[in-house]
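Structure first, commentary second.
The structure presented is a predicted model; accordingly, all values stated were derived computationally and were not measured. Chain identifiers are assigned alphabetically (A, B, ...) following the order of the sequence lines, protein sequences preceding nucleic acid strands; residue numbering begins at 1 within each chain. Reckoned from all heavy atoms, side chains included, excluding hydrogens, waters and symmetry mates.
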Number of protein chains: 2
Amino acid sequence: MTTKNIKTAERVFKALSDSNRLRILKILQVKPMAVCEITSILKLATSTVSNHLALLRDAGFIQDEKDGKWVNYRLTDEYIEKYVSELAPLFREWLEDDPLVKSDMKQAKIVDRFVICKQ
Amino acid sequence: MTTKNIKTAERVFKALSDSNRLRILKILQVKPMAVCEITSILKLATSTVSNHLALLRDAGFIQDEKDGKWVNYRLTDEYIEKYVSELAPLFREWLEDDPLVKSDMKQAKIVDRFVICKQ
DNA sequence: GAGTCATTTCGTTAACAATCGAAATTAAGC
DNA sequence: GCTTAATTTCGATTGTTAACGAAATGACTC
């Protein structure tokens, strides 16, 4: 577990203080996904999504890993950050009834990168 | 418990996403306090502190009550908001080792409104 | 190593948030 | 009800953040 000062706490909560980032966390709860898949569900510019992902990663909520030509993002499994390790299990149970989140998660189940991620 | 949609969650986390508001929560953990006492510890303009307090109150973390010519703020005891009721006990244990928070809480123990809140 | 496509970085714009001082409001005590 | 002092609201300024499109980077495939 890394240090736990007030700046760290601020960064962790800031990561959670945007509804699009909360949507991303709920989507990744369904399964790991590439940026283009997340983008297609959120309907935001890829650069915007990339920025949100970086904030969530820097706070310790998600991690990335290369998979061929894709970069997959997934919820962090081994939490390094104390705050995240306590918040993540809580948040997992939250927002399950939110209409937008439900719709997002439904799409996340069926999204197919080989269909979506072409241009 | 009130509704728990994504906008509510966003507001709750946004309330926690500023270090001065985190300091206020830790200070109020010591004891209920008037605005002028909190201001004297944080060393911010009263209008700034008032704004932070309103955000924390609207998110459900604190409540206010009149006490003569003062308005006392205290941590909410009966949590109406589901998210707050889960976060508040966690947060209570956090930041205890942060130097600034320790200094704040030390001051909070000895602050005396009858000495501080004159002009 | 050239082409292709996913991802990230950059530069810009617009909206939002933190801060302050000053003015307005509220309430207590005489 | 007048005075005094605490608190809140208002207006302006400054800094931060979310968003976009375009350009740059990175990596796989041939």
inquiry  = If I take atom CZ in residue A:Phe114 and atom P in nucleotide C:dC5, what distance separates them, rounded to the nearest angstrom?
reply    = 14 Å
request  = Share the residues that join B:Trp70 in a hydrophobic cluster, the rule being Ile, Leu, Val, Met, Phe, Trp or Tyr side chains under 4.5 Å apart at the heavy-atom level.
outcome  = B:Phe114
remark   = Here the pair of heavy atoms bringing A:Gln63 nearest to A:Leu75 is OE1-O, 4.1 Å
task = Mind calculating the distance between CZ (B:Arg113) and P (D:dT7) to the nearest angstrom?
result = 8 Å
message = Whether the A:Asn72 and A:Arg113 side chains hold a donor-acceptor pair (N or O, under 3.5 Å, no angle test) is what I'd like checked.
response = yes
task = Identify whether any heavy atom of A:Arg21 sits under 4.0 Å from a base atom; if not, whether one sits that close to sugar-phosphate; answer base, sugar-phosphate or nothing.
result = sugar-phosphate
query = Whole Å only: how far is the CG atom of B:Asp64 from the P atom of D:dT8?
reply = 7 Å
ask   = For A:Arg11 and D:dT17, what is the distance between atoms CZ and P respectively, to the nearest whole Å?
value = 12 Å
Pi-cation contact, B:Phe91 with B:Lys26 (under 6.0 Å, within 45°) = yes
ask   = Among B:Arg92, B:Glu96, B:Arg74, whose side-chain hydrogen bond (donor to acceptor under 3.5 Å, both in side chains) with B:Gln29 holds?
value = B:Glu96
Spacing between B:Leu16 atom CG and C:dA18 atom P, to the nearest angstrom = 12 Å
inquiry  = For residues A:Ile27 and A:Leu55: do they belong to one hydrophobic cluster (side chain heavy atoms under 4.5 Å, members Ile, Leu, Val, Met, Phe, Trp, Tyr)?
reply    = no
key: Integer-rounded Å distance: D:dT16 P and A:Lys7 NZ   = 10 Å
inquiry  = Tell me the closest heavy-atom pair linking A:Leu42 and A:Asn20, and the distance in Å.
reply    = CD2-O, 4.1 Å
request  = Measure from the side-chain heavy atoms of B:Val35 and tell me the nearest of C:dT7, D:dT7, C:dT19.
outcome  = D:dT7
query = When you check the side-chain N and O atoms of B:Asp98 and A:Asn5, is any donor under 3.5 Å from an acceptor?
reply = no
inquiry  = How many whole angstroms separate atom CD of A:Glu65 from atom C1' of C:dT7?
reply    = 16 Å
Please produce a list of atom pairs where a protein N or O lies less than 3.5 Å from an N or O of nucleotides 25-30 of chain C.
from: C:dA28; atom 1: OP1; to: B:Gly68; atom 2: O; distance (Å): 3.4

message = Could you tell me how far apart A:Glu37 (CD) and C:dC5 (C1') are, to the nearest whole angstrom?
response = 15 Å
request  = Go through residues 47-62 of chain B and report each residue with a non-hydrogen atom lying under 4.0 Å from DNA chain D, sorted by number.
outcome  = B:Ser47, B:Ser50
ask   = For DNA chain D, whose closest nucleotide is more 5', that of A:Leu44 or that of A:Lys14?
value = A:Lys14
request  = Check every atom of D:dT7, C:dT7, D:dT8 against the side chain of A:Val71 and return the nucleotide holding the closest atom.
outcome  = C:dT7
key: Minimum heavy-atom distance between B:Ala108 and B:Lys31, given as atom pair plus value   = O-CE, 3.3 Å
